[in-house]
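Numbers here are sequence positions counted from 1. Hydrogens, waters and symmetry mates are skipped; everything else that's a heavy atom, side chains included, is used. Just so it is clear, the structure is predicted and the values come from calculations on it, not from any experiment.
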Amino acid sequence: MSSQFPNIFSFQTLKHRRIATLKTPSSHINCLAVHANLLYASSANEISVYSLSDHSFVDSFNHDPTTGFVKSIAFNQTKIFTAHQDGKIRIWKIDTLYKNHQHISTLPTVKDKFLNFMLPKNYVNVRRHKKKLWIQHWDTVSGLMVNDAKGLMYSVSWDKSFKIWNVKNQRCLESVKAHEDAVNTLAVSGNGTVYTGSADGLIRIWEMAERRHNLVGTLDKHKSTVNALALNDEGSILFSGGSDGRILVWEKRDDENEVGYVESLWDHKGAILCLINVGEWFVSGSSDRTVRVWQRGGKEGGGFHCSIVLEGHEKPVKSLVAVETRVLEGVFSICSGSLDGEIRVWEISICSNFKIPMNSIKLA
């Protein structure tokens, strides 16, 4: 499939500076998330909250170690959803006045369990001689994503499935056996297309038809565990990161449903652990302890290249989040969370921006 990348070289000089460093109580940062000018950082089971205005500590919650590590955080208005190692999704209410967090429910809810527990058809085999309700995850919940426009939340798990939840009434609507191994990551486009990445090395694409999510494509160029997925703003380009250190770029054409492979990026020297998209850039974090910012253009075919490398973490970079985007002003900020227990806040500035048509450049 031909690429839609523009037939130009694009030159943008980026500079960066670290504007803050935050420490969490534990030395293991699992994930970062941003909501209402607050930064959420999970370290082991505990979630710490910081103000993005002055980087001061605001609150901490989920102090129960039996829940296991918090693997993902998502938001819907004044509610926060957290994914846990014990296979549960917990819901917290945000008190915007006092900026504290109160546990209000756990998914699946007691009501949802009650409505399902009587009928044998509502149970699935999870291990030999062991069954669980189809509405509940039975292994670590590894990722969450909320689609506010559709009122849905998506969860993926090491139990090889993904589930769809109604955010308003908190009921599980659907459960899909997605892979033959643990599902580590997901991405959801604005129109509801779901991408799942797994330890089986596959990326699968799911679309809704007749109230069910159906498999419409499988991407199989990764030769190792898929750890991270991210979509660009339009949902036309997918980035995927694997344990072999490769980032693969995929493209969906406007007039086709097919997603095609575009290129592989090899600059990292360790497993890719996290990816985010920020405007026309995307950012990657790796077990090689670096964060890399990528932009399109600058090489033949208009593919992506690494513009800057952010260094300083002493252990693998586990999570990334955009905390401020003023792309029109030429500035954006990101946070990187590492297994060294540090959160680093970086400001990226665009120094120049000009483009040269490829046909005006003579190559030796």
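Closest of all the heavy-atom pairs between A178 and R204 is O-NH1, 2.8 Å. Taking all atoms of both residues into account, the shortest heavy-atom contact from L275 to G241 is CD1-N, 3.5 Å. Scanning both residues, V309 and H16, for their nearest heavy atoms gives O-CE1, 4.0 Å. Contact record, F304 with R296: CD2-N, 3.6 Å, taken as the closest heavy-atom pair. W250 approaches S240 most closely through the heavy-atom pair NE1-OG, 2.9 Å. When all heavy atoms are compared, the tightest approach of D288 to K269 is OD2-N, 2.9 Å.
Using a 3.5 Å distance cut-off with no hydrogens or angles, the side chains of T82 and N62 do not pair a donor with an acceptor. Side-chain N/O atoms of Q170 and T109 include no donor and acceptor closer than 3.5 Å.
We find that E207 and K252 are joined by a salt bridge, their nearest charged nitrogen and carboxylate oxygen being less than 4.0 Å apart.
Checked against side-chain hydrogen bond (donor to acceptor under 3.5 Å, both in side chains), S338 has the following partners two or more places apart in sequence or in another chain: D340. Applying the side-chain hydrogen bond (donor to acceptor under 3.5 Å, both in side chains) test to D54 and every residue at least two apart in sequence or in another chain returns S51, S56. Remark: H101 pairs with Y40, F61 by the ring-ring contact (aromatic ring centres under 6.0 Å, His included) rule, at least two apart or across chains.
The OH atom of Y261 lies 12.0 Å from the CG atom of L219; values are rounded to the nearest 0.5 Å. The CD1 atom of I19 sits 10.0 Å away from atom OG1 of T21, with the distance rounded to the nearest 0.5 Å. Here OG of S161 is found 11.0 Å from CD of Q136. Values are rounded to the nearest 0.5 Å. Going from atom CD of Q295 over to atom CD1 of I308 covers 9.0 Å, rounded to the nearest 0.5 Å. In this structure, CG on L173 lies 9.5 Å from OH on Y154, to the nearest 0.5 angstrom. Going from atom NE2 of H213 over to atom CD1 of I205 covers 13.0 Å, rounded to the nearest 0.5 Å.
At distances below 3.5 Å, not a single donor-acceptor pair connects side-chain atoms of D112 with backbone N or O atoms of L107. Here the side chain of H103 pairs a donor or acceptor atom with the backbone of S105 at under 3.5 angstrom. Distance alone, capped at 3.5 Å, is enough to place a donor-acceptor pair between the S319 side chain and the L32 backbone. In this structure, Y123 contributes its side chain and F117 its backbone to a donor-acceptor pair below 3.5 Å. Side-chain atoms of N184 come within 3.5 Å of backbone atoms of V226 as a donor-acceptor pair (strictly under, hydrogens ignored). Between the D159 side chain and the H137 main chain, no donor and acceptor come within less than 3.5 Å of each other. Judged purely by atom type and a 3.5 angstrom limit, S287 uses its side chain to pair as donor or acceptor with the backbone of A271. A distance-only check finds no donor-acceptor pair linking the side chain of N30 to the backbone of S72 [under 3.5 Å]. Panel note: side chain K163, backbone W134; a donor-acceptor pair is recorded below 3.5 Å. Remark: side-chain polar atoms of N122 are paired, donor with acceptor, to backbone N or O of N116 under 3.5 angstrom.
Residue I29 is grouped with residue L39 when hydrophobic side chains (ILVMFWY) are merged at heavy-atom distances under 4.5 angstrom, including chains of intermediate members. Put simply, I276 and W346 are part of the same group of oily side chains (I, L, V, M, F, W, Y) that touch within less than 4.5 Å, one to the next. No continuous path of hydrophobic side-chain contacts links V188 to V146 [ILVMFWY only; heavy atoms under 4.5 Å]. Note on I73 and F57: separate hydrophobic clusters, where clusters join Ile, Leu, Val, Met, Phe, Trp and Tyr whose side-chain heavy atoms are under 4.5 Å apart, directly or indirectly. Grouping the Ile, Leu, Val, Met, Phe, Trp and Tyr side chains by contacts below 4.5 angstrom, directly or via other members, places L186 apart from L238.
Residues in residues 215-237 take part in no ring pair (Phe, Tyr, Trp, His ring centres under 6.0 Å) pair, two or more places apart or across chains. Under the salt bridge (charged side-chain N to carboxylate O under 4.0 Å, His left out) criterion, no residue pair touches residues 213-239, with sequence neighbours excluded.
Within the 4.5 Å cutoff, the side chain of M153 has no heavy atoms near those of the N76 side chain. Looking only at side-chain heavy atoms (C-beta outward), L265 and C306 stay at 4.5 Å or farther from each other. By the 4.5 Å heavy-atom criterion applied to side chains, I334 and L310 are counted as neighbours. In this structure, the side chains of F69 and T140 stay at 4.5 Å or more apart for every pair of heavy atoms. Side-chain contact between N277 and L231: absent, with no pair of heavy atoms (C-beta onward) separated by less than 4.5 Å. Counting only heavy atoms from C-beta outward, the side chains of I89 and H84 never approach each other to under 4.5 Å. Between K88 and T67 the shortest side-chain heavy-atom distance does not fall below 4.5 Å. Within the 4.5 Å cutoff, the side chain of I80 has no heavy atoms near those of the H35 side chain.
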request  = Apply side chain to side chain contact (heavy atoms under 4.5 Å, CB included) to the pair E311 and R289, showing each step before the final yes or no.
outcome  = CA-CA 7 Å; E311 299 178 296; R289 301 175 294 176; over 6 Å; no

message = Would N37 and S53 count as a side chain to side chain donor-acceptor pair (under 3.5 Å) here? Give the steps.
response = CA-CA 7 Å; N37 203 40; S53 300; 2.7 Å; yes

request  = Please test V141 against K71 for side chain to side chain contact (heavy atoms under 4.5 Å, CB included), starting from the C-alpha separation and ending with a verdict.
outcome  = CA-CA 7 Å; V141 182; K71 307 292 286 186; over 6 Å; no

query = W294 and F239: ring pair (Phe, Tyr, Trp, His ring centres under 6.0 Å), yes or no, with the steps?
reply = CA-CA 11 Å; W294 307 78; F239 309 99; 9.3 Å; no

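For an aromatic pair to be called close, the ring centres must be under 6.0 Å apart, and F81 with W165 fails this. Under the 6.0 Å cut-off for aromatic ring centres, W206 and F162 qualify, their centroids lying closer than that.
Under a 4.5 Å side-chain heavy-atom cut-off, the cluster of Ile, Leu, Val, Met, Phe, Trp and Tyr residues that includes L273 has no other member.
The 12-atom threshold is exceeded at NZ of K23, counting heavy atoms of other residues, nucleotides or ligands nearer than 6.0 Å. No more than 12 heavy atoms of other residues, nucleotides or ligands lie within 6.0 Å of NZ in K168, so this atom counts as exposed by the packing criterion. Sparse packing is recorded around CH2 of W158, with 12 or fewer heavy atoms of other residues, nucleotides or ligands lying under 6.0 Å away.
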